[in-house]
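Written below as structure tokens is the structure these notes are about.
Every chain is numbered from 1 and lettered A, B, ... according to where its sequence line falls, protein lines coming before strand lines.
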Amino acid sequence: MTIEQINDAIRKAIIGSSRAAFGIEPTQIAAEIPPKPELGDVAFPVAFELAKAIKNASGEKKNPRDIAVALVNGVSAVPGVGNVEIAGAGYLNVFYERGQFLAANAAAEPLPRQDAKGEATASKVCVEHTSVNPNKAAHIGHVRNSVLGDTFARILRASGKTVEIQNYIDNTGVQVADVVVGFIYIEGRDLEAIKALDEELKAAGRTFDYYCWDLYTQVGQAYLSDDELKAKRSEVLHLIEEGGNKTAELADYVATRNVECITETMERLGIRYDLLPRESEILHLHFWDKAFEQMKRLGVIHYVADGKQAGCWVMPFEEHTGTDEHETDKILVRSNGTVTYTGKDIAYQMWKLGILGLDFNYRPFYRYSDGKEVWITALEPGHDGPLPRFGGGEVIYNVIDTRQSYPQEIVKKGVAAISPERGEQASVHLAYEMVALSPAAAEELGFELSDEDRKRPFIEMSGRKGLGVKADDLIDRLEANAEIEVEARHPNAEPDVRRAIAHQIAVGALRYFLLKFTRNTVIVFDFKEALSFEGETGCFCQYSAVRANSIFRKLEETGETVQQNRQKITGSDLTDILSDPGNVDIWTMALTSLRLDEAVTQAANAAEPAILAKYTFNLAKTFNLFYHHHKILGEPDELKRATLIVVADLARRSLTAALATLGIEVPERM
RNA sequence: GCUCCCGUAGCUCAGCCGGAUAGAGCAACAGCCUUCUAAGCUGUGGGCCGCAGGUUCGAGUCCUGCCGGGGGCGCCA
């Protein structure tokens with residue numbers, strides 16, 4: 001009997017009682033968690049809804065408390081329900097049959113796979129995230145994107161979905177072109193010279209993406225005063241897009257090396273991909289032509305003969321204005337015949353949904369330490385052996401920052417116009433606010449600010465200016481700080497072990513830091529807060545789990561098992577223990593642990609990983625309280641000891657599963 | 001100009017479909033290690049939920065207006 005099953009049974013009872021007493025069936029019955037555990041395990045504010053419905057139906061004004069009275073008996077009769085109280089202005093507060101409930105759920109999986117419910121086909125969804133321009137190292141803003149996307153994918157998997165993760169590589173865009181301009185026209189290097197440089201960097205312990213970061217900044221600065229250099233940009237861009245020439249070959253090397261570097265950075269954080277679709281293939285495999293043809297045929301876009309947009313192919317896009325509605329058309333094909341980014345994006349989105357009628361070729365790109373392979377798109381078939389099936393997702397989630405809401409809206413509308421049966425709900429823009437720097441953090445990074453900038457609430461990061469906190473730098477700092485702490489606590493541990501633990505702590509700190517904010521909150525990056533291991537942090541949650549595990553390590557040393565303790569409790573024998581007011585925290589611990597499934601569902605429905613992060617923190621906090629109040633293994637009363645062990649076991653399993661869903665591991669010790 | 005988001009404790013943020021006495025963390029102050037790990041725990045102080053109307057039995061939450069901050073509105077990506 002899970003929480004959800006009991007609550008559903010209660011809902012049915014309420015509907016029955018309500019129909020009998022008032023001739024009205026409430027449609028949606030909300031269940032909420034009472035503000036204090038003493039008030040109950042679950043509360044139904046349904047009497048308020050009913051009061052309104054009765055008034056609307058018959059004009060009769062009824063007191064919500066009286067309505068609640070009419071529902072009590074039905075709810076009390078539901079199996080698993082212990083006690084029902086009417087509280088406040090008319091809340092129906094339900095207490096579960098606690099002992100029975102605990103005994104029944106003692107061995108329950110914290111995250112039951114929900115696809116086991118009997119869905120006929122396991123539908124696949126795609127999540128696109130990261131998508132960093134492959135011309136420089138990733139910074140903290142990119143990491144927010146990746147952590148959000150990766151965690152959301154884990155949440156979807158935890159709720160039973162099959163998920164494919166894509167990282168789009170814009171290898172033929174202006175940003176790559178800029179770095180190529182730098183290599184060729186500032187540094188005078190050809191492909192061989194860049195390869196040699198790459199080797200030199202490797203030997204010196206430096207990375208290619210960091211080098212490109214600086215070069216990109218240099219190019220950005222040079223453009224400001226050097227018009228000749230700036231003219232090279234479009235020339236280079238054109239050559240890269242066209243392909244099959246020396247410049248394109250050089251650009252491909254630069255982009256590929258950056259993708260490798262970024263893949264390694266993300267792997268440090270436990271972020272992995274299934275496929276890297278590249279813009280060059282979208283171009284050369286004529287995805288756009290195919291999409292264009294369909295859009296023309298379906299009349300989704302039209303040619304503009306005269307006026308401001310003469311010679312362009314445009315898609316009508318309605319914009320809502322205050323009073324009168326006017327149409328602005330989004331240009332997909334320029335008058336010179338080239339396709340805009342949005343146009344290419346529509347073709348790509350169609351492929352993701354499986355409605356384009358074309359596919360990429362593929363080859364393995366990178367192998368992770370455990371052997372899992374990341375695939376990349378390719379021009380030619382070439383690859384022998386079995387090929388995974390990519391794309392064709394039921395729903396496509398695009399993790400892209402909120403500044404791109406407008407073009408994403410066009411992509412969604414465009415695709416829906418091409419395939420009305422799939423509609424707009426097949427494309428989800430998972431929007432999030434940017435990570436910016438506090439003026440103090442920018443100065444800490446060595447940037448000179450104007451007086452005007454200093455007064456601003458935050459400063460936007462800029463790859464062009466080289467202004468940003470590089471991901472690897474931050475992870476390095478976190479690891480170094482964590483290692484100092486680990487060393488202080490475990491001076492006898494092997495250096496390898498210490499480093500491994502420090503790494504897990506660093507990842508936990510960074511991921512949690514980025515996940516505790518809701519998506520539409522601008523994160524103003526602050527070093528002190530990001531580097532903290534105390535309070536509401538990943539480390540706090542890990543620490544609780546480590547403590548919990550140490551209880552069971554000690555238990556196992558005595559040869560005792562959790563299963564033996566589960567068998568010691570039957571349910572009805574726990575009434576005395578659980579009804580003791582001094583033991584409310586035992587029950588709260590159990591109930592909080594068993595709500596993980598609910599937290600994951602909420603996070604998935606709202607597409608908001610922060611919900612799960614908050615739940616995990618709350619779970620860890622609840623455990624610390626429980627741990628502090630009870631001597632678990634030292635408890636003299638046998639039945640109470642068994643209860644404490646069973647509940648602590650529920651807590652550590654939920655905590656571990658919750659953290660894993662956030663992409664955070666539990667260290668051996670801390 | 002049009003449009004979207006934000007404004008909650010000194011600071012950084014939660015607050016579910018409108019519901020019970022508005023919650024965390026940090027910072028400040030006072031305590032707690034003979035114990036299953038003190039990266040922890042307990043306590044104290046701190047609030048015109050930007051302002052003004054409205055809807056409602058009930059508003060931090062919904063509606064309107066205003067003020068303040070940020071984003072987006074390209075034949076860039």
Contact under 4.0 Å: [X] side-chain N or O vs [N] OP1/OP2:
X: A:Arg334; N: B:C76; value: yes
X: A:Asn336; N: B:C75; value: no
X: A:Thr342; N: B:C76; value: no
X: A:Lys55; N: B:C57; value: yes
X: A:Arg233; N: B:A77; value: no
X: A:Thr518; N: B:A14; value: yes

Between [N] and [M], how far apart are the two [atom1] atoms, rounded to whole Å?
N: B:G45; M: B:G23; atom1: P; value: 14 Å
N: B:A39; M: B:C26; atom1: C1'; value: 15 Å
N: B:G40; M: B:C5; atom1: C1'; value: 38 Å
N: B:C66; M: B:A24; atom1: P; value: 37 Å
N: B:C49; M: B:U21; atom1: P; value: 16 Å

Please tabulate, one pair per line, each protein N/O and nucleotide N/O from nucleotides 24-31 of chain B that are separated by under 3.5 Å, including the distance.
{"unit_1": "B:G25", "atom_1": "O2'", "unit_2": "A:Glu536", "atom_2": "N", "d": "3.4"}

Could you work out which one of [options] sits closest to the side chain of [X]?
X: A:Ile505; options: B:C57, B:A39, B:G72; answer: B:A39
X: A:Lys52; options: B:G58, B:A77, B:A38; answer: B:G58
X: A:Glu460; options: B:A39, B:G71, B:A20; answer: B:G71
X: A:Asn93; options: B:C57, B:A20, B:G70; answer: B:A20
X: A:Tyr341; options: B:A20, B:A77, B:U37; answer: B:A77
X: A:Val174; options: B:A77, B:C5, B:U37; answer: B:A77
X: A:Asp170; options: B:U12, B:U37, B:A77; answer: B:A77
X: A:Lys36; options: B:A38, B:C75, B:U21; answer: B:U21
X: A:Ala30; options: B:C17, B:A77, B:G70; answer: B:C17
X: A:Thr521; options: B:A77, B:C13, B:G40; answer: B:C13

Range-with-range stems of RNA chain B (Watson-Crick or G-U pairs under 3.5 Å, three or more in a row) =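 B:1-7 with B:67-73, B:10-13 with B:23-26, B:28-32 with B:40-44, B:50-54 with B:62-66 - these are the stems of 3 or more pairs that involve RNA chain B.
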Applying side-chain contact (heavy atoms from CB on, under 4.5 Å), name anything that partners A:Leu591, two or more places apart in sequence or on another chain.
->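 Here the qualifying residues are A:Ile3, A:Asp41, A:Tyr96, A:Phe101, A:Trp587, A:Arg595.
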Can you measure [X] atom [atom1] to [N] atom [atom2] for me and round it to whole angstrom units?
X: A:Ile33; N: B:G23; atom1: CD1; atom2: C1'; answer: 14 Å
X: A:Met670; N: B:U37; atom1: CE; atom2: C1'; answer: 10 Å
X: A:Leu612; N: B:G15; atom1: CG; atom2: P; answer: 14 Å
X: A:Lys631; N: B:U34; atom1: NZ; atom2: C1'; answer: 11 Å

For A:Glu536, which of A:Lys516, A:Lys614, A:Lys621 qualifies under side-chain hydrogen bond (donor to acceptor under 3.5 Å, both in side chains)?
->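 Testing A:Glu536 for a side-chain hydrogen bond (donor to acceptor under 3.5 Å, both in side chains) against A:Lys516, A:Lys614, A:Lys621 leaves exactly one candidate, A:Lys614.
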Is it true that the side chains of A:Ser550 and A:Arg669 contain a donor and an acceptor less than 3.5 Å apart?
->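 No - no donor-acceptor pair under 3.5 Å links their side chains.
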Establish whether the base of B:C75 is bridged to the side chain of A:Ser335 by a donor-acceptor pair shorter than 3.5 Å.
->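 For A:Ser335, whose side chain was compared with the base of B:C75, there is a donor-acceptor pair (under 3.5 Å).
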Note: A:Lys554-A:Glu557 ion pair, threshold 4.0 Å (strictly below) |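 Answer for the salt bridge query: no.
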